[in-house]
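Below: one structure, written as structure tokens.
Every chain is numbered from 1 and lettered A, B, ... according to where its sequence line falls, protein lines coming before strand lines.
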Amino acid sequence: GAVVSQHPSWVICKSGTSVKIECRSLDFQATTMFWYRQFPKQSLMLMATSNEGSKATYEQGVEKDKFLINHASLTLSTLTVTSAHPEDSSFYICSAKRGAPYNEQFFGPGTRLTVL
Amino acid sequence: AQTVTQSQPEMSVQEAETVTLSCTYDTSESDYYLFWYKQPPSRQMILVIRQEAYKQQNATENRFSVNFQKAAKSFSLKISDSQLGDAAMYFCAYRSRGGGADGLTFGKGTHLIIQP
């Protein structure tokens, strides 16, 4: 149990276009999901915390208008990179928090975004 | 804000030997969680072990154990009987307990090489 999927696993887009990445908890309900960004050979940086039915909380320095997060259901959160530019190219990873008594976070396999 | 420091960018160990990965952190909180995650080349984050700060006993999971020194804010990972499959990036991570700030703060990672 506790499987988290991401779609797509990789995407290539042209500069100026928008890209949507989905994160789904397949076998549990996740009231909270998290989005991380990982540059090559670097660590994961928390971008935002997404709570079902409410606005996402963004970390300092993360542009909320560029990285739109929607958490419309207990099993789905989406990250939309708007007007993507080459510097947005990165590996995006989501995690979903399973509630009590586990309070554990489970990671998706990640999405590699390349902006040309 | 919390910070996590991993001072060893890369470690190498002979198969079947024991290796210890270092992690220190800085926080003003008294209750929190600490984790070690493994990231193989597939980029899937895998939880290795977790420690709750209020527990004095060091966590153990089969060949993996931690040395948690709360006063020193140190959280090292010991891998016994190293196996080729242990080769990966290892990230130390911190998470607040409660208060809604459940996102993980990661260290920069240690690349573990297993020599056959």
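Heavy-atom pairs under 4.5 Å with chain B peak, among A:Ser95, A:Ala48, A:Gly108, at A:Gly108. The residue among B:Arg43, B:Lys108, B:Met45, B:Gln44 with the most heavy atom pairs within less than 4.5 Å of chain A is B:Arg43.
Only the side chain of B:Leu47 comes within less than 4.5 Å of a heavy atom of chain A; its backbone N, CA, C and O stay farther away. In this structure, the portions of A:Gln38 lying under 4.5 Å from any heavy atom of chain B include both its backbone and its side chain. Only the side chain of B:Gln39 comes within less than 4.5 Å of a heavy atom in chain A; its backbone stays farther off.
With ring centers used as reference points, B:Phe35 lies 6.0 Å or more from B:Phe91. In summary, the aromatic rings of A:Phe39 and A:Phe91 are positioned with their centroids too far apart to meet the 6.0 Å limit.
Residue-environment remark: CE (B:Met11) exceeds the threshold of 12 foreign heavy atoms within 6.0 Å. Heavy-atom contacts from other residues, nucleotides or ligands closer than 6.0 Å to NZ of B:Lys73 number more than 12. Heavy-atom neighbours of A:Glu87 CD from other residues, nucleotides or ligands within 6.0 Å: above the threshold of 12.
Scanning residues 57-67 of chain B against chain A with a 4.5 Å heavy-atom cutoff picks out nothing at all.
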After noting the C-alpha distance and the side-chain angles of B:Tyr94 and B:Tyr32, does the key distance pass the ring-ring contact (aromatic ring centres under 6.0 Å, His included) rule?
CA-CA 7 Å; B:Tyr94 174 104; B:Tyr32 45 85; 5.0 Å; yes
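Between the side chain of A:Gln6 and the main chain of A:Cys94, a donor-acceptor pair closer than 3.5 Å is present. Here the side chain of A:Ser25 pairs no donor or acceptor atom with the backbone of A:Leu76 at under 3.5 angstrom.
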